[in-house]
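Here the structure comes first, spelled out in structure tokens, and everything after it is commentary.
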Amino acid sequence: MNETVLSVVGLALVAVSLGFSALQTREVARQSRINNGIGSAAALVEVNNLVRAWHERLLHDPSARPYFFDGKPATADDVERPKVLTLAELLGDVLECNLQMASLLPAFNFAHSWHHWPADVAAEPGSRRGGGALPRLVADAPPPATEDP
């Protein structure tokens, strides 16, 4: 009889323990979702700061804007060419971060539209908004070195 009572009490304690484990698991999952949201927001702020910093460079030097948004070429004899190429490289880095962030953020519902701005900026001349310095920089870049097998 005592063994039966102890077995029933033991089973009841196991059931209570499993119930508490289920509650803890639910809370850990909830905390993970909260932490993912906080991390996503921090990453979004960081990428937006990169974009803002690049645009602030154009605000401080408006003469560079036509090279990126009006299709003005930075010819080899243009004194602005080194500055434009540097800004184009920075813009490429910003766009890369922008695209990577959209693919990495979990449950980021509006990340599906993040590719529009990089696509517009990197568009070829003659397209809807293309013709800026970035596609020219990419087109003028030497091909990547290949390794001998």
Side-chain angles (χ1 to χ4, degrees), residues 10-149:
L11 285 175
L13 291 174
V14 167
V16 170
S17 176
L18 287 174
F20 281 125
S21 292
L23 289 174
Q24 286 178 329
T25 302
R26 185 178 67 187
E27 287 303 309
V28 166
R30 186 178 72 81
Q31 188 63 41
S32 293
R33 284 190 302 273
I34 291 170
N35 288 338
N36 284 343
I38 291 169
S40 296
L44 178 61
V45 167
E46 185 62 31
V47 168
N48 283 336
N49 286 339
L50 290 172
V51 172
R52 184 177 298 114
W54 187 82
H55 280 94
E56 284 176 356
R57 290 176 185 259
L58 292 183
L59 284 174
H60 293 304
D61 188 1
S63 67
R65 186 175 176 78
Y67 293 98
F68 293 94
F69 297 106
D70 298 336
K72 181 178 179 181
T75 58
D77 60 342
D78 190 343
V79 296
E80 299 282 320
R81 184 174 173 82
K83 174 182 70 175
V84 171
L85 291 178
T86 300
L87 285 172
E89 290 171 1
L90 290 171
L91 177 58
D93 291 342
V94 168
L95 297 178
E96 182 180 17
C97 288
N98 203 330
L99 292 172
Q100 285 179 348
M101 192 59 60
S103 67
L104 293 177
L105 292 179
F108 189 48
N109 295 334
F110 60 91
H112 65 276
S113 66
W114 272 33
H115 68 278
H116 293 300
W117 183 63
D120 281 348
V121 173
E124 290 296 321
S127 65
R128 179 167 58 107
R129 188 172 158 191
L134 186 63
R136 286 190 183 91
L137 175 70
V138 172
D140 294 344
T146 57
E147 294 181 18
D148 292 330

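Quick note: residue numbers are just sequence positions, from 1. All values below come from the heavy atoms of this structure, side chains included, with hydrogens, waters and symmetry mates left out.
- By the side-chain contact (heavy atoms from CB on, under 4.5 Å) test, T25 is found to be paired with no residue, residues two or more places apart in sequence or in another chain being considered.
- Side-chain atoms of S32 come within 3.5 Å of backbone atoms of V28 as a donor-acceptor pair (strictly under, hydrogens ignored).
- Here the CZ-CD distance, from R30 to E27, works out to 4.5 Å after rounding to the nearest 0.5 Å.
- For S63, the side-chain contact (heavy atoms from CB on, under 4.5 Å) partners are D61, E80, K83, not counting sequence neighbours.
- Counting only heavy atoms from C-beta outward, the side chains of L18 and V14 approach each other to under 4.5 Å.
- Between W54 and L58, some side-chain heavy-atom pair lies under the 4.5 Å cut-off.
- A pairwise comparison of heavy atoms in V84 and F68 identifies O-CZ, 3.6 Å as the closest pair.
- Looking at heavy atoms from C-beta onward, D78 lies in side-chain contact with Y67 at the 4.5 angstrom threshold.
- Here the straight-line distance linking atom CZ of R33 with atom CG of N35 works out to 11.0 Å at 0.5 Å rounding.
- Between the side chains of N49 and R52, at least one donor N or O sits under 3.5 Å from an acceptor N or O.
- Closest of all the heavy-atom pairs between C97 and V47 is O-CG2, 4.2 Å.
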